[in-house]
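In what follows, a single structure is set out as structure tokens and then discussed.
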Amino acid sequence: MMRKEIAQLSEQYKGIFEECANQIWSTPELNFTEHKSHEAAKKCMEDLGFKVSMLPDMDTAFIATAGHGSPVIGILGELDALPGLSQKADCDHLDPVESGAPGHGCGHNLLGCGGMECAYILWKYLEENNMEGTIKYFSCPAEEGGVGKVYMIHRGAFDDVDFCVNWHPGAGFGITHDGKSIAIQNYRFHGIASHAAGMPEMGRSALDALELFNIGIQFIREHMTKDTYIHYAITNTGGFAANVVQAYAEGQYVVRAKDNTELKKMLVRLDKIAKGAAMMTETTVEGPELVSAFSSFIDNTVLADVARENIKACMPMEYTEEEKAYLEKFIAIGSKAGSGELLDNEIHEDQPTSSDVADVSWVVPTSMITVPTWAFGTAAHSWAATAQGKSSAAHKGMNLAAQLMANIALDMMAKPELIEAAKEEHKKNLRGRTYAEECLIDKDRKPVPIF
Ligand SMILES: [Zn+2]
């Protein structure tokens, strides 16, 4: 009965959120500059009667509140796009709207509006059934690298929330249990420029230092835990003339580890290698400058079990013939081309997240699910995902996600002991660690765009 009523509410109001998702798709904006998308989402929630509040120093974040009393249910949403993923809607070959411009290649137009739809239908349901409960929709900026949610946590946004529900668009169903801690850091080497042949003895090469730093990193790979990764990009070689000793060189390093404790240990080791490289080359190293950092994901099996039952009840996705033909067009370009399947009928529970939703999971028990919006085999962060972001299949996934999250919340509310169990498990899985101590990003730091 409850699920049917939620489905009816979604059917009744979905047009509002589909329109808003299309609007956000057409104004793709990068981390912390999501002004048009933010205004569209905020206006939509205000028009629906939510009370909207803002957070200090964050002009593209808002909290929309409705209902009253306890429990307080958090719903997370995002609305940022990715650089270089501009693509014409529904087009199955690369054809950008504007070459090099941002695009919604991670489906955050759907993610945000699906969360807003969930908040609204849940509120309507509580009202119609005379139920108590406060709904808080969190419009979170800069998920892509900028970790907007970290700054929202630091501003106390989630302090009174009992549990959070969240979803991500994808090519299948999933439940998240895991996610690594990630740090993105810049290292800068400074040397002395000189004529490479005329006075080579006067030069001290920053580029040599950077190369030795990278070589040192290759050697520690043998002595790291299996779940640690280091990736790098040389972001500045110092110049294009080989007959100049390069006085400056810079690289960006992404380190992933099991949790923040392991991550911090790795970062100390990286610093030692950087200093060693500088010493060997008689250069200096500046930094590291912490660009961004994500925490590991704190699993909550109480919420995951409730999510699983709800997902199972609505599988498989039912598509119209037109939607099937549309998805087939995109399957051909996916990495799993030729499987002949429109969707796989499994709930994937083995895929870790690299999202700042994981940071929220440290302060509130959090459910994170994936719902299909794209053809099987479509990779997130691809132009093919951008292309499918306004389709009827994408909207269908978004509306289903809204219903699933509302049903998860209502199942939790129906049995208050489940909320208590989720909180107990949360406490147990933290093992005495606190977010304030573990988070790599300084509490006083202000949000900064990373690209
Ligand atoms: Zn995403």
Side-chain angles (χ1 to χ4, degrees), residues 6-54 58-66 74-82 85-87 89-90 97 102-125 135-144 148 165-170 371-374 385-406:
I6 285 293
Q8 279 164 355
L9 285 165
S10 168
E11 190 57 36
Q12 190 178 345
Y13 297 110
K14 66 182 185 184
I16 301 169
F17 305 98
E18 290 175 357
E19 196 184 307
C20 190
N22 286 350
Q23 193 180 337
I24 292 174
W25 186 96
S26 63
T27 57
E29 297 161 303
L30 300 179
N31 62 153
F32 294 122
T33 61
E34 312 93 335
H35 297 285
K36 287 179 188 151
S37 309
H38 167 78
E39 285 308 323
K42 187 163 153 278
K43 183 175 183 308
C44 179
M45 294 304 261
E46 280 167 346
D47 289 351
L48 291 169
F50 283 83
K51 195 176 135 281
V52 172
S53 60
M54 302 284 289
M58 297 188 78
D59 54 4
T60 55
F62 70 82
I63 305 170
T65 308
I75 302 155
L76 307 175
E78 296 157 17
L79 66 183
D80 55 329
L82 283 155
L85 289 182
S86 172
Q87 166 70 10
D90 310 321
V97 177
H104 272 290
C106 204
H108 292 183
N109 60 314
L110 302 164
L111 198 170
C113 295
M116 287 155 56
E117 181 177 342
C118 168
Y120 190 59
I121 61 177
L122 191 53
W123 179 27
K124 288 286 123 189
Y125 182 92
I135 295 147
K136 286 197 167 192
Y137 171 73
F138 296 91
S139 187
C140 312
E143 186 279 325
E144 299 294 352
V165 291
N166 169 73
W167 80 294
H168 202 289
V371 179
T373 51
W374 310 319
T386 309
Q388 295 171 70
K390 280 170 87 176
S391 73
S392 146
H395 290 155
K396 193 170 260 185
M398 177 184 87
N399 297 323
L400 179 63
Q403 294 170 45
L404 281 168
M405 292 187 289

Give, for atom CG of L400 and atom CE of M405, the distance between the pair rounded to the nearest 0.5 Å. 10.0 Å
Check P28 against A81 and note the closest heavy-atom contact, atom names and distance. CB-CB, 3.6 Å
Quick check: closest heavy atoms across A21 and M398, and the distance to 0.1 Å? CB-SD, 4.0 Å
List the residues meeting side chain to side chain donor-acceptor pair (under 3.5 Å) with H38, not counting sequence neighbours, and say none if there are none. none
Donor-acceptor contacts, no H, no angles, side chain residues 39-51, under 3.5 Å, sequence neighbours left out:
| unit_1 | atom_1 | unit_2 | atom_2 | d |
| --- | --- | --- | --- | --- |
| K43 | NZ | D47 | OD2 | 2.7 |

My understanding is that only residues two or more places apart in sequence, or in another chain, count here; which of them pass side-chain contact (heavy atoms from CB on, under 4.5 Å) with K390? N22, W25, A89
Measure the spacing between CG of D80 and SG of C106 and express it to the nearest 0.5 Å. 8.5 Å
Between Y120 and F17, what is the ring plane arrangement, given parallel below 30°, perpendicular above 60°, and tilted in between? tilted
Residues in side chain to side chain donor-acceptor pair (under 3.5 Å) with Q23, at least two apart? none
In this structure, CG of L122 is separated from OG of S10 (nearest 0.5 Å) by 12.5 Å
Report yes or no: does N109 contribute a side-chain atom to a donor-acceptor pair with the main-chain N or O of I24 at less than 3.5 Å? no
Approximate separation, where rounding is to 0.5 Å, of I6 CD1 and L404 CG: 11.0 Å
Minimal heavy-atom distance between M54 and D59, with the atoms involved, is CE-O, 3.8 Å
Can a donor-acceptor pair be found, under 3.5 Å and without considering hydrogens, that links the side chain of W167 to the backbone of L111? yes
Has the side chain of E29 got a donor or acceptor atom that lies under 3.5 Å from a matching backbone atom of S37? yes
If I compare all heavy atoms of G389 with all of L110, which pair ends up nearest, and what's the gap? O-CD2, 3.7 Å
Report the distance from atom CG of L9 to atom CD of Q403, rounding to the nearest 0.5 Å. 9.0 Å
Looking only at heavy atoms, what is the nearest atom pair of M58 and F32, with distance? CE-CE2, 4.2 Å
Checking the side chain of T386 only, and the main-chain atoms of G105 only, is there a donor and an acceptor separated by less than 3.5 Å? yes
Under the rule for side-chain contact (heavy atoms from CB on, under 4.5 Å), what residues qualify as partners of A387, not counting sequence neighbours? Q87, F330
Rounded distance (nearest 0.5 Å) linking atom CD1 of I135 with atom SG of C118: 8.0 Å
Name all residues meeting the side chain to side chain donor-acceptor pair (under 3.5 Å) criterion together with T60; count only those two or more places apart in sequence or in a different chain, and write none if there are none. E34
Could you tell me which non-hydrogen atom of L79 sits nearest to which non-hydrogen atom of S139, and how far apart they are? CD2-OG, 3.8 Å
